[in-house]
Engineer: 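First the structure, which I've put down as C-alpha coordinates, then a few questions once you've had a look.
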Amino acid sequence: MPEKQTIKILPDTHRNRNVVTFSFDYNADLIGLIKEMEGIQWSKTMKKWYLPEDNFDLHRFFEKFKGKAYVDYLALKQENRMKPRPNPA
(Lines give C-alpha, C1' and ligand atoms only; values in the text may rest on other atoms or scores of the structure.)
Protein backbone atom coordinates (compact mmCIF):
# COMPACT_ATOMS: atom_id res chain seq x y z
CA MET A 1 0.00 0.00 0.00
CA PRO A 2 1.56 3.34 -1.02
CA GLU A 3 2.17 5.84 1.74
CA LYS A 4 -0.18 8.82 1.87
CA GLN A 5 1.32 12.17 1.07
CA THR A 6 1.22 14.98 3.62
CA ILE A 7 -0.33 18.39 2.91
CA LYS A 8 1.03 21.04 5.24
CA ILE A 9 -1.32 23.95 5.94
CA LEU A 10 0.42 27.16 6.96
CA PRO A 11 -0.76 30.69 7.74
CA ASP A 12 1.05 33.28 5.63
CA THR A 13 0.78 36.71 4.05
CA HIS A 14 0.60 37.23 0.30
CA ARG A 15 0.23 40.64 -1.33
CA ASN A 16 -0.63 42.21 2.04
CA ARG A 17 -3.44 39.71 2.69
CA ASN A 18 -3.68 36.96 5.29
CA VAL A 19 -3.77 33.65 3.47
CA VAL A 20 -3.57 29.95 4.17
CA THR A 21 -1.00 28.07 2.07
CA PHE A 22 -0.88 24.40 1.13
CA SER A 23 2.49 22.71 0.69
CA PHE A 24 3.03 19.20 -0.64
CA ASP A 25 5.30 17.33 -3.03
CA TYR A 26 4.11 17.31 -6.62
CA ASN A 27 1.17 14.93 -7.04
CA ALA A 28 -1.21 15.30 -9.99
CA ASP A 29 -4.15 13.77 -8.08
CA LEU A 30 -3.78 16.19 -5.16
CA ILE A 31 -3.38 19.12 -7.53
CA GLY A 32 -6.61 18.12 -9.24
CA LEU A 33 -8.43 18.10 -5.89
CA ILE A 34 -6.89 21.41 -4.83
CA LYS A 35 -8.01 23.05 -8.09
CA GLU A 36 -11.61 22.04 -7.35
CA MET A 37 -11.62 24.25 -4.24
CA GLU A 38 -13.39 27.58 -4.70
CA GLY A 39 -11.04 30.58 -4.57
CA ILE A 40 -7.80 28.57 -4.56
CA GLN A 41 -4.89 30.09 -6.48
CA TRP A 42 -1.33 29.17 -7.37
CA SER A 43 1.34 31.68 -6.36
CA LYS A 44 4.32 31.78 -8.68
CA THR A 45 6.31 33.77 -6.12
CA MET A 46 5.61 31.46 -3.16
CA LYS A 47 5.39 28.32 -5.35
CA LYS A 48 2.41 27.18 -3.29
CA TRP A 49 -1.34 26.97 -3.52
CA TYR A 50 -3.12 29.49 -1.33
CA LEU A 51 -6.53 30.69 -0.27
CA PRO A 52 -7.54 33.93 1.48
CA GLU A 53 -7.79 33.19 5.20
CA ASP A 54 -11.43 34.34 5.32
CA ASN A 55 -12.40 31.72 2.70
CA PHE A 56 -10.68 28.77 4.38
CA ASP A 57 -12.80 26.06 6.03
CA LEU A 58 -10.65 23.44 7.77
CA HIS A 59 -13.51 20.94 8.09
CA ARG A 60 -14.28 21.15 4.37
CA PHE A 61 -10.57 20.73 3.59
CA PHE A 62 -10.36 17.61 5.78
CA GLU A 63 -13.42 16.14 4.07
CA LYS A 64 -11.99 16.78 0.59
CA PHE A 65 -8.69 15.02 1.35
CA LYS A 66 -10.01 12.28 3.66
CA GLY A 67 -8.33 9.01 2.70
CA LYS A 68 -6.17 10.73 0.07
CA ALA A 69 -3.56 12.60 2.13
CA TYR A 70 -2.56 13.41 5.68
CA VAL A 71 -3.38 17.00 6.60
CA ASP A 72 -0.85 18.67 8.89
CA TYR A 73 -2.50 21.76 10.41
CA LEU A 74 -0.28 22.15 13.49
CA ALA A 75 0.96 25.56 12.33
CA LEU A 76 -2.63 26.84 12.15
CA LYS A 77 -3.32 25.67 15.69
CA GLN A 78 -0.16 27.38 16.94
CA GLU A 79 -1.01 30.59 15.04
CA ASN A 80 -4.50 30.69 16.59
CA ARG A 81 -3.02 30.43 20.08
CA MET A 82 -0.87 33.48 19.43
CA LYS A 83 -3.68 35.72 18.13
CA PRO A 84 -5.06 38.11 20.73
CA ARG A 85 -8.57 37.27 21.82
CA PRO A 86 -11.19 39.94 22.43
CA ASN A 87 -11.68 40.78 26.07
CA PRO A 88 -15.30 40.13 27.14
CA ALA A 89 -16.62 43.31 28.67
Side-chain angles (χ1 to χ4, degrees):
M1 174 186 252
E3 204 171 303
K4 287 184 194 172
Q5 196 164 347
T6 298
I7 299 174
K8 195 168 203 165
I9 302 175
L10 301 162
D12 208 337
T13 304
H14 183 55
R15 297 183 181 175
N16 296 318
R17 292 179 67 194
N18 290 334
V19 298
V20 177
T21 63
F22 310 97
S23 295
F24 54 93
D25 291 334
Y26 181 85
N27 178 304
D29 294 331
L30 294 182
I31 291 171
L33 289 171
I34 283 272
K35 285 180 173 183
E36 291 174 2
M37 296 176 61
E38 189 175 329
I40 196 92
Q41 294 183 303
W42 172 256
S43 167
K44 289 181 184 178
T45 56
M46 293 192 300
K47 295 185 169 75
K48 297 179 189 178
W49 294 96
Y50 74 96
L51 192 60
E53 185 180 69
D54 295 340
N55 298 355
F56 180 64
D57 182 333
L58 183 59
H59 177 71
R60 190 175 289 167
F61 193 85
F62 269 119
E63 288 300 312
K64 183 135 198 98
F65 290 93
K66 189 177 195 175
K68 297 170 181 74
Y70 291 112
V71 178
D72 177 358
Y73 67 102
L74 181 62
L76 281 184
K77 285 172 47 175
Q78 290 173 341
E79 175 78 8
N80 284 337
R81 276 192 226 135
M82 296 169 65
K83 285 184 180 176
R85 296 187 180 169
N87 215 355

Engineer: Determine the minimum heavy-atom distance between G39 and P52, stating which atoms define it.
Structural biologist: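 Smallest heavy-atom distance, with atoms named: O-CD, 4.1 Å.
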Engineer: Between L51 and M37, what is the shortest heavy-atom contact and its length?
Structural biologist: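 Residues L51 and M37, closest heavy atoms: CD2-CE, 4.2 Å.
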Engineer: With sequence neighbours left out, which residue pairs that include part of residues 5-23 fulfil the salt bridge (Lys or Arg N to Asp or Glu O under 4.0 Å) condition?
Structural biologist: none
Engineer: Using residues 54-62 as the side-chain source, report each donor-acceptor pair under 3.5 Å to any protein atom, sequence neighbours left out, with the distance given to one decimal.
Structural biologist:
from: D57; atom 1: OD1; to: H59; atom 2: N; distance (Å): 3.0
from: D57; atom 1: OD1; to: R60; atom 2: N; distance (Å): 3.1

Engineer: Does anything in residues 39-51 pair up under side chain to side chain donor-acceptor pair (under 3.5 Å), and if so which pairs, sequence neighbours excluded?
Structural biologist: Q41-Y50, S43-T45
Engineer: Taking ILVMFWY side chains as joined if any heavy atoms are under 4.5 angstrom apart, and letting links pass through other members, which residues group with Y70?
Structural biologist: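 None; Y70 is a cluster of one.
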Engineer: Could I get the full list of side chain to side chain donor-acceptor pair (under 3.5 Å) partners for Y73, not counting sequence neighbours?
Structural biologist: none
Engineer: May I ask you to check whether over 12 heavy atoms, not counting those of E38, lie within 6.0 Å of atom CD?
Structural biologist: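 No, because the 6.0 Å sphere around CD of E38 holds 12 heavy atoms or fewer from other groups.
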Engineer: Hey, can you pull the donor-acceptor pairs under 3.5 Å for the side chains in residues 24-33, sequence neighbours left out?
Structural biologist:
from: N27; atom 1: OD1; to: D29; atom 2: N; distance (Å): 2.9
from: N27; atom 1: OD1; to: L30; atom 2: N; distance (Å): 2.9
from: N27; atom 1: ND2; to: Q5; atom 2: OE1; distance (Å): 3.1

Engineer: Side-chain heavy atoms under 4.5 Å apart, restricted to Ile/Leu/Val/Met/Phe/Trp/Tyr: what other residues fall into the cluster of L10, or is it alone?
Structural biologist: none
Engineer: Check side chain to side chain donor-acceptor pair (under 3.5 Å) between T13 and all other residues, then give those that pass, not counting sequence neighbours.
Structural biologist: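 Partners of T13 under the side chain to side chain donor-acceptor pair (under 3.5 Å) test: none.
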Engineer: Above 12 or not: heavy atoms from other molecules or residues under 6.0 Å from NZ of K68?
Structural biologist: yes
Engineer: Distance check, rounded to the nearest 0.5 Å: I9 atom CD1 versus L76 atom CG?
Structural biologist: 5.5 Å
Engineer: Mind checking the CD1-CG spacing from I7 to D72? Nearest 0.5 Å is all I need.
Structural biologist: 10.5 Å
Engineer: Just to verify, what does E36 make a salt bridge (charged side-chain N to carboxylate O under 4.0 Å, His left out) with, not counting sequence neighbours?
Structural biologist: K64
